[in-house]
Amino acid sequence: MTSPAPETRAGTPTAGNPRPTRVVIVDDHAIFRSGLKADLDPDIVVAGEAGTVEEAIAVIAAQRPDVVLLDVHLPGGRGGGGREVLAGSAPLLGATRFLALSVSDAAEDVVSVIRAGARGYVTKTISGEEISAAVRRVAGGDAVFSPRLAGFVLDAFGTAPADIADDELDKLSARELEVMRLIARGYSYKEVAKELFISIKTVETHVSAVLRKLQLSSRHELTRWAAERRLL
Amino acid sequence: MTTAPARPPLVRSGDRVIAGVCAGLANHLGWPVHMVRIGMVVAALAGGAGVAFYGWLWIMVPTADENARRNARRPASPIAPAVSAPAAPIGSGSSGGRWSGPDVPGPQETGPRETRPPGPGPQGAESQGAVSQGSWWSKAPGMPFGKEILLGAGLLLAAGILIARLLGVDVPLGTLIPVAAILGGAAIAWMQLDETRRAGLVDKTKADQAGGWARLAAGLALVVAGVLVMVSGSGSWEQTWLALLASVAVLGGVALVLLPWGLKFWRDLETERAGRVRATERAEIAAHLHDSVLQTLALIQRRAGNEHDVIRLARAQERELRAWLYQDADKESGKLSESVKAAAAEVEDALGQAVEVVSVGDCVMTQRHDALVQAAREAMLNAARHGGGTVSVYLEVVDDAAEVFIKDRGPGFDPDSVPPDRLGVRESIIGRMNRHGGTAAIISSPDGTEVRLRLPVTAAPAVANHTNGEAKP
C-alpha cells in the first residue's frame, strides 16, 4: 500500500548491512503476531513480542529494537492503547522508531498515534513485502505514509500552499502538498520522485517534514479538525 | 354528541392556563377553547363539580409529550438507524440464512472492541429528557398569564368574602383560610410534580432546579400551615407558631432519616436506567454483528475453497463494518465522496479487486457530479479488470473543481493504439467528461495506468446553473 518493496532496499542505510533490523511486535492478537512474523523478510529479526501496554513498555525497554510494530488498540495500561506505549517509551524515541499498525483507518486513530510520535502508519491488510519495506524505511529514519494518511494530512492542513507570512509549522509548502497529493493518489516514493523530477531522497525529506509538522503543529485549524474528530 | 369518526386523542395541551386540561378537551371535542374554559368555570361555581372534573382530568389525562413517549416503541438511540438500515450487499447472498440459527452471539462474542463504536451512552437518555423538558419551558411564556388569572381569581374571591362580611353574612374565615391555604399549597406542589415538570427536576443539567424545589417547599409549607391552623382550631398566632416550629422540626427529622434512603434509591434508579441503556446498546450491536459479520463468516467457511469469493466477501464485510463504526451517515449522505465510495464498493463487489478510496474535501452532489462519478466508475472497472492488485482512487474537492484520480498497477497500455473494444470505455470516460465541461486524461506506463478526471465548478455556460450547490464544507 505504501511503497513497493524492491527499490527501497537500495535507498535505506541498512542496505547491504549485515546487521539485521531488530523489531518488536506489539499486538494483542497472537495469531496476527505469528502471521506477521512469518511474513517479514529474513533480514528483519523479531526480538520480542508483547500483547499489552505494560508488556510492550517492558519489552521495548529491555530489547531496545530498531523498530516497534505497534498496534493502535491495545489492552492494559490506562486504556490509551498504542499512544500509551509511545508515551511510556518516550526516552527511547530517538533510537527506536515506531510504526503504527491497525485494522482501523479512522482519522482519530491514525492522527493520534502519529502525533504521539509514530513515524508511520499502515493498515493490517498490508502485504508482507510491503510491511518489510515499511520497516526498513522507518528504521532508516524516514516516514511511512499510506494514501489514507496522506489524505488525512491534506484534509487537516488544507490544500492551499503556505504563504510566506504563515507560520512554518502551520501549512504545507507547495512542494510538500504535491508530494502528499501523489501519495494519496497511490504513488510510491519512487513514482513520486519520477513524477516531480526529484530524487527519492528529496521525496523522503519532504515526507519527513510533513510528519514533523503533523506532530508539532498547534495550528488552529488542525486543532479544530482534530476536535471535530474527537482527537483532543 | 359528536359523530366525527376520527378525532385527536385526548391529551393535555401545551397551550395551558393551569394544566392544559381545557385546551386539550377543546381540541379533542373540536370546540372552541374559551367555551370549554367558561363552561368549566361555570361548572366549578356550581357546587365545585367543575373543580372535581378538572382535577380528575388533570390526573388521568397524559400530556401530549407523555402520550407520544408512551406510544414510542423503542428508546431513541443513534445506533438504531444504523442497525435497521439494510446491510451492504454481500456477494452472492445465497443460503446464508440457514446458518444463522445456532449463531446467536452472546455479549462476550462481540469482541474486545465492542465498546469502541460511537455509542449513544447517556446521550440517548439525555435527549429524551431534553424533549420533555424543552416542551415545558417552551410554553413557559404562557404561564405568567395563567398566574395572573389565578391571582385575579384569588383577589376576586377575597373581595367577595369581604363584601359578604360587610353585608353581614357570617363567613367562617377560621376554616376558609386554612382550607384555601391547603388547596393553594397542594396546587403548587402538584404543578411541580406534574410529570413533565418532574422530568425537568430529574434532569441534572437544569439550571433552575433550585427554583423548582423552592416552589415545591413553598407549597409544602402552605399545606402544613393550613393543616396546622385547621387542627389547632382557634388560630391564635402564638400557638400556631409553636406548632409550626414543632412540625417543621418533625419534618426535618423525618427528612434527615429518610434522605440517605431516598438518595440510595435514587442512585439505584439511575444506575439501573444507565444499565438498561447499555444493555439495549449491546443488544443492538449483537444484532448488527449477527446480521452482518457472523453471516459473512458462515459464508466464508462454506466457500473456503474459492479464494476469489472469500476475498470478495471479506472486503465487502470490512467495508460495511467500517461504514457502521466510523462513518457519520448524516454528514456524508448526498455528498460526492459518498457516491464515489459507493461506486468503488460496486466495482469491488463485481470484480473482487480491492478499491481504496481516499477523499479530501467534499461537496453536495449535482447532476454534473453524477457524470464525474459515472466516469470514475468506468475507470475503476477498467483498472480492476485490467490492472490487477489494489486500485487507488483519490478524490479531491477544492474551491474551483472536483478531481478524481484512479490508479492501478497493471501492465499498462498505449492509449493511442487501444483495441476497438476499448473505444466504448474511452467514450464513456473521456467523452462523458468533455460533454459535461470537464477533462479526462489517461496516463499509462508499464508500471500502471492513471486516469485523471477533472470537473471545474464553472464550465460550459449551458451547464453552469447546476453548480450552485458546490460549496466547500
Side-chain angles (χ1 to χ4, degrees), chain A residues 1-4 7 27-29 51-52 71-76 79 81 102-110 123-127 129-130 145-161 177 180-188 190-192 194-195 225 228-230, chain B residues 111-119 311 314-315 317-319 321-328 331 337 354-362 380 383 387 389-409 443 445-453 472-473:
Chain A
M1 177 186 280
T2 313
S3 51
E7 70 270 14
D27 194 296
D28 52 328
H29 293 99
T52 63
D71 189 11
V72 175
H73 297 287
L74 273 182
S102 173
V103 287
S104 155
D105 49 17
E108 54 260 51
D109 294 334
V110 180
T123 51
K124 285 185 178 177
T125 48
I126 190 171
S127 74
E129 197 186 359
E130 287 171 322
F145 270 43
S146 68
R148 197 166 299 277
L149 178 52
F152 290 146
V153 168
L154 288 169
D155 231 359
F157 282 92
T159 45
L177 275 176
M180 280 296 118
R181 272 210 184 94
L182 288 172
I183 290 173
R185 277 156 67 176
Y187 281 59
S188 67
K190 185 188 163 200
E191 286 169 321
V192 172
K194 202 173 139 199
E195 178 81 15
W225 182 86
E228 269 172 19
R229 287 159 179 77
R230 303 187 295 275
Chain B
R113 301 272 151 75
E114 166 197 318
T115 48
R116 287 215 72 259
I311 291 176
R315 279 292 299 181
Q317 183 55 60
E318 183 190 344
R319 217 170 45 228
L321 202 56
R322 269 187 206 294
W324 188 61
L325 288 176
Y326 301 119
Q327 255 170 36
D328 189 344
K331 226 175 177 175
S337 67
V355 180
E356 297 278 356
V357 181
V358 174
S359 67
V360 172
D362 212 342
M380 287 180 220
T390 301
V391 177
S392 302
V393 177
Y394 174 60
L395 163 73
E396 183 177 313
V397 181
V398 287
D399 290 332
D400 59 339
E403 286 180 287
V404 184
F405 301 86
I406 300 99
K407 184 174 170 58
D408 67 68
R409 300 196 169 278
I443 289 90
S445 76
D447 292 334
T449 306
E450 188 178 44
V451 179
R452 302 172 180 174
L453 310 173
K472 280 278 282 180

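Being a predicted model, the structure only gives us computed values, none of them experimental.
Using a 4.0 Å cut-off between charged side-chain N and carboxylate O, A:E195 and B:R452 make a salt bridge. Salt bridge A:R181/B:E403: absent, no basic N to carboxylate O contact under 4.0 Å.
B:V391 does not touch chain A: none of its heavy atoms, backbone or side chain, sits under 4.5 Å away.
Looking at A:R185, its side chain never comes within 3.5 Å of a backbone N or O of B:L395 through a donor-acceptor pair.
Shown here are the side chain to side chain contact (heavy atoms under 4.5 Å, CB included) partners of B:T449, two or more places apart in sequence or in another chain: B:D408, B:F413, B:I442, B:S444.
Of all non-hydrogen atoms in A:G186 and B:S392, the two that sit nearest each other are CA-OG, 3.7 Å.
Interatomic distance, B:K407 NZ to A:L182 CG, rounded to the nearest 0.5 Å: 9.0 Å.
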